[in-house]
Enquirer: 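Take this structure, written in structure tokens, and hold onto it; I'll ask about it next.
Below, chains carry the letters A, B, ... as their sequence lines are ordered, and counting in each starts from 1.
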Amino acid sequence: MCGTVTRADEGRRVILAGWVNHRRDHGGLTFLDLRDHTGLVQLVFNPTHSGEAQRVAERARLEWVLRVEGTVGRRPPGNENPNLPTGEIEVTVESCEVLAQADAMPMGVADDALAEERVRLQYRYLDLRRPRMQRNLRARHRFVKTLRDVGDELGFTEIETPTMIPSTPEGARDFIVPSRLWPGHVWALPQSPQLYKQLSMVGGVDRYLQIARCWRDEDLRADRQFEFTQLDLEMSFVDEDEIFEVLETMISRAWESAFGMTLATPWPRLPYADAMRRYGSDKPDTRFGHELTDVTAIFEHCQFRVFAGAIAAGGVVEALRVPGGGELTRGELEGEWLQVARTYGAQGLAYLWRRGGDYEGSITKFLSVSELAQLTAALGVVDGDCICFTAGTQRVAATALGAVRMHAARRFGWIPEGQFDFLWVTEFPLFEKDPDDGRIKAVHHPFTQPHPDDWPLVRTAPERVRSRAYDIVCNGVELGSGSLRITRPEQQAAIFEALGLTLAEAETKFGFLLTAFRYGPPPHGGFAAGIDRIVMLGLGENSIREVIAFPKTQTGADPMTGSPTPVAPEQLAEVGLRLAPKAGSSAPGPT
RNA sequence: GGCCCCGUGGUGUAGCUGGCCUAACACGCCACCCUGUCAAGGUGGAGAUCGGCGGUUCGAAUCCGCUCGGGGUCGCCA
């Protein structure tokens, strides 16, 4: 292979095939760099050795595919290239065959010739030739292969579950597939194999594993695609400790084999409530401190109406000390910093500077000497700091200031590079109130066990019930989640009741699972980890599109294939469908 | 659905406080020269009317509006 030729091969005859990465034509003597996924090697075409091969080399252009036969030799002294692994040697070509020509490239293939993402996706097959993408694809392969290997060692059985399953209204929007044999009926692509893996537990599988493709018809993001891949696990007769240990083993070993870095295990556990309180996030970036402080008690009776009003309404005031923030201008704080807080629902962002041993800033005049002294003590304020505040409900104030914390971290370089802080966020709330209709909904899914201590609250104060659901978080990215499941009918009934589901409704939605649970379900729990995101993180990429061979754009299209495409009426008729006219193309209505 | 950023030859950029832009530079492409280069070099050449539409103006790549496309993000993602 091109990149694996070494000094040890000196004198050997080799046959190499690859792409022309670069050409340097001296009008007689010609050099071509030949590339395959292993790297580059310099080919020398000397008219005195082989005039025929040299004439081919003169014609060859970037990205032509060549097969050459030649002899490996040391480069003449002084002509070594220390920037290349194969820089000490070269291949003197005796014969050269053009396997394929290439038109002028629509984009460069070198890593430092990065084109606009639209162009990269349109010519994804060229983009994939880039060394970086080759590295990413192969690292992903190693990662997944090791997950399977370790899973096998740990007694897991890989089970394939269907990709055409019943559609359920819960959770994300389904991609639906019309049924030809059952006109008017549809299948859905799974958002996850959740129910099937639980059924496999009932089926005695004991330890289920799947590298599962999942689909969700929601808006795309840097870390979200329509279809993504998860490491899906389910285990019988286990509790959190065993599940955590399995995942720590599988992911740390796969991480090491794919990225060559070791991960310390076990990972710390952080209850959800603490994560929200300390970091203002359920997926905290714990690579740096600068935690939030609840200063509600200090400002309970203060003259600043925004604080006092929020507290009187049952809310809180959160504070963040920004060392060095004294240099922040009013324009910055009231511009982009405020915008960050507002994006996450805060009404505003209050701030103070500590300069020359005193507080400055527009809210200073509303705060008493005593209040400011307490603030100084509580946060350890020193000269040159800026203190940012949000006020409101605990959730909004903390979340917004948590976002400000991340903004500050990037602004002031708090984030240590090359560090990976994995942790478990545990004891997620079981329920949450839907702000739109005020109804109680399951945070994870309705089969999640409540925390054993909180069973009495299921009836009385459902929003305070903690669950046995947990997430893996690393560097502020949510990498996966899981839970222990409910298998006892009477417990399940209590949860459905809290969710406002009648037994009849539950039967309609999940009847097959409830039926299965009448025939001796083993206690079980599991986890699903987002492979795209983990590989993205391990490779230092900022988007999962960099670790997916053929991703979609943010608008959910594929520029390479020009899809999605319109569909012929006959094809629709066959599956019993009629499409609504496109909103823009319908007749204009009354204005 | 909201907010923010971007859109100039095949690619990447400059120009964008309006006229000197009949649009510049690098890479790539074409032709010729060149036997030790490795971001090879030299000479010459082709190639964009500045995403699209509309407006302001004597005059627009440069200002405004709409629109299309790409990216980021909030909502959404049990």
Enquirer: Got a donor-acceptor contact below 3.5 angstrom from the A:Arg405 side chain to the A:Asp285 backbone?
Expert: yes
Enquirer: Under 4.0 Å between any heavy atoms, over every strand shown, what does A:Arg173 touch: base, sugar-phosphate, or nothing? Just pick one.
Expert: nothing
Enquirer: State plainly whether the residues A:Arg130 and A:Asp111 are in salt-bridge range, i.e. N to O under 4.0 Å.
Expert: yes
Enquirer: Establish, with yes or no, whether the OP1 or OP2 oxygen of B:U73 is under 4.0 angstrom from a side-chain nitrogen or oxygen of A:Thr343.
Expert: no
Enquirer: For B:C74, take OP1 and OP2 only and decide whether either is under 4.0 Å from a side-chain N or O of A:Arg221.
Expert: yes
Enquirer: Suppose you measure atom P in B:A46 against the same atom in B:C30; what distance do you get, rounded to whole Å?
Expert: 16 Å
Enquirer: Please report, rounded to the nearest Å, how far the C1' atom of B:C38 is from the CG atom of A:Leu34.
Expert: 14 Å
Enquirer: Just verifying a value: how many Å separate A:Ile531 CD1 and A:Ile211 CD1, rounded to the nearest 0.5 Å?
Expert: 4.0 Å
Enquirer: Mind checking the CG-OH spacing from A:Leu513 to A:Tyr196? Nearest 0.5 Å is all I need.
Expert: 11.0 Å
Enquirer: Can you tell me how far P in B:C64 sits from the matching atom in B:A23, rounded to whole Å?
Expert: 25 Å
Enquirer: Could you please name the option among B:U37, B:A39, B:A78 that lies closest to any side-chain atom of A:Asn81?
Expert: B:A39
Enquirer: What is the distance, to the nearest angstrom, from the NE2 atom on A:His445 to the C1' atom on B:C77?
Expert: 15 Å
Enquirer: Quick one: is B:C30 close enough that its OP1 or OP2 comes under 4.0 Å of any side-chain N or O from A:Arg61?
Expert: yes
Enquirer: Is a donor on one side and an acceptor on the other found under 3.5 Å between the side chain of A:Gln492 and the backbone of A:Pro446?
Expert: yes
Enquirer: For the C1' atoms, the ones on B:C38 and on B:C16, what distance do you get once it is rounded to whole angstrom?
Expert: 38 Å
Enquirer: Looking only at N and O atoms, is any donor in the side chain of A:Arg216 or the base of B:C76 less than 3.5 Å from an acceptor on the other one?
Expert: no
Enquirer: Would you mind reading off the distance between A:Glu546 atom CD and B:G72 atom P, rounded to a whole angstrom?
Expert: 10 Å
Enquirer: Measure the distance from CD on A:Gln54 to C1' on B:U35 and round it to the nearest whole Å.
Expert: 9 Å
Enquirer: Find the partner of B:A39: check Watson-Crick (N1-N3 plus N6-O4 or O6-N4) and G-U wobble (N1-O2, O6-N3) distances, both under 3.5 Å, and reply none if neither fits.
Expert: none
Enquirer: Can you find a pair of side-chain heavy atoms, one from A:Leu128 and one from A:Phe550, that are under 4.5 Å apart?
Expert: yes
Enquirer: Has the side chain of A:Arg224 got a donor or acceptor that lies under 3.5 Å from a partner of the other kind on the base of B:C76?
Expert: yes
Enquirer: Determine the contact category for A:Leu40: base if any of its heavy atoms lies under 4.0 Å from a base atom, sugar-phosphate if only primed atoms, P, OP1 or OP2 are that close, otherwise nothing.
Expert: nothing
Enquirer: Could you check how far CZ of A:Phe31 sits from C1' of B:U37, rounded to whole Å?
Expert: 4 Å
Enquirer: Go through residues 112-121 of chain A and report each residue with a non-hydrogen atom lying under 4.0 Å from RNA chain B, sorted by number.
Expert: A:Leu114, A:Ala115, A:Glu116, A:Glu117, A:Arg118
Enquirer: Under 4.0 Å, heavy atoms only, any strand: does A:Pro106 hit a base, just the sugar-phosphate, or nothing?
Expert: sugar-phosphate
Enquirer: So which nucleotide does B:G7 pair with, by the Watson-Crick or G-U wobble rule with both distances under 3.5 Å?
Expert: B:C68
Enquirer: State, with a plain yes or no, whether a side-chain heavy atom of A:Ile440 is found less than 4.5 Å away from one of A:Glu463.
Expert: yes
Enquirer: Determine the contact category for A:Glu432: base if any of its heavy atoms lies under 4.0 Å from a base atom, sugar-phosphate if only primed atoms, P, OP1 or OP2 are that close, otherwise nothing.
Expert: nothing
Enquirer: Examine B:U35: is either OP1 or OP2 under 4.0 Å from a nitrogen or oxygen in the side chain of A:Asn46? Give yes or no.
Expert: no
Enquirer: When you check the phosphate oxygens OP1 and OP2 of B:G72, does a side-chain N or O of A:Arg545 lie under 4.0 Å from one of them?
Expert: yes
Enquirer: Donor-acceptor pair, distance only, cut-off 3.5 Å: does the side chain of A:Glu332 make one with the backbone of A:Thr329?
Expert: yes
Enquirer: When you compare B:A39 with B:C21, how far apart are their C1' atoms, in angstrom units rounded to a whole number?
Expert: 30 Å
Enquirer: Determine the Euclidean distance between corresponding P atoms of B:G59 and B:C20; express it in Å to zero decimal places.
Expert: 15 Å
Enquirer: What contact category does A:Glu90 fall into here, base, sugar-phosphate, or nothing, at under 4.0 angstrom with non-hydrogen atoms?
Expert: base
Enquirer: Any chance you could measure A:Asp217, atom CG, to A:Leu189, atom CG, to the nearest 0.5 Å?
Expert: 9.5 Å
Enquirer: Measuring from the side chain of A:Gln42 (C-beta onward, heavy atoms only), which nucleotide among B:C38, B:G71, B:U35 has the closest atom?
Expert: B:C38
Enquirer: For the P atoms, the ones on B:A60 and on B:G52, what distance do you get once it is rounded to whole angstrom?
Expert: 15 Å
Enquirer: Rounded to the nearest angstrom, tell me the gap between atom CG in A:Leu338 and atom P in B:U73.
Expert: 20 Å
Enquirer: With both distances under 3.5 angstrom, what nucleotide forms a Watson-Crick or G-U wobble pair with B:A24?
Expert: B:U13
Enquirer: Quick one: which protein N/O atoms are closer than 3.5 Å to N/O atoms of nucleotides 15-17 of chain B? Pair and distance per line, please.
Expert:
none

Enquirer: Take A:Gly171 and A:Gly108, find for each the nucleotide of RNA chain B with the closest heavy atom, and name the residue whose nucleotide sits nearer the 5' end.
Expert: A:Gly108
Enquirer: Side chain of A:Asp532, backbone of A:Asp223: donor and acceptor closer than 3.5 Å?
Expert: no
Enquirer: Would you mind checking if A:Arg173 and A:Glu218 are paired as a salt bridge, meaning a charged N to carboxylate O distance below 4.0 Å?
Expert: yes
Enquirer: Please state how far atom CD in A:Glu218 lies from atom P in B:U73, giving the value in whole angstrom units.
Expert: 16 Å
Enquirer: From CG of A:Leu220 over to C1' of B:G75, roughly how many Å is that when rounded to an integer?
Expert: 15 Å
Enquirer: Between B:G15 and B:G51, how far apart are the P atoms? Round to whole Å, please.
Expert: 15 Å
Enquirer: Determine the Euclidean distance between corresponding P atoms of B:A48 and B:U22; express it in Å to zero decimal places.
Expert: 16 Å
Enquirer: Is the phosphate of B:G72 approached by A:Gln554 (side-chain N or O, under 4.0 Å from OP1 or OP2)?
Expert: yes
Enquirer: Under the 3.5 angstrom rule, does the side chain of A:Asp454 hit a backbone N or O of A:Arg466 as a donor-acceptor pair?
Expert: yes
Enquirer: If you take atom types as modelled and just measure distance, does the side chain of A:Asp219 reach the base of B:G75 with a donor-acceptor pair under 3.5 Å?
Expert: yes
Enquirer: Tell me whether the OP1 or OP2 atom of B:G70 has a side-chain N or O from A:Thr555 closer than 4.0 Å.
Expert: yes
Enquirer: For nucleotides 41-46 of chain B, just jot down a letter per nucleotide in 5' to 3' order: B, S or -, based on protein non-hydrogen atoms under 4.0 Å.
Expert: ------
Enquirer: Any salt bridge linking A:Glu478 with A:Lys283? Criterion: basic side-chain nitrogen under 4.0 Å from a carboxylate oxygen.
Expert: no
Enquirer: In Watson-Crick or G-U wobble terms, both distances under 3.5 Å, what is the partner of B:A78?
Expert: none
Enquirer: Roughly how far, to the nearest 0.5 Å, is CG of A:Leu501 from CD1 of A:Ile495?
Expert: 11.0 Å
Enquirer: When you measure from the side chain of A:Arg75 to the backbone of A:Gly87, do you find a donor-acceptor pair of N or O atoms at a distance under 3.5 Å?
Expert: yes
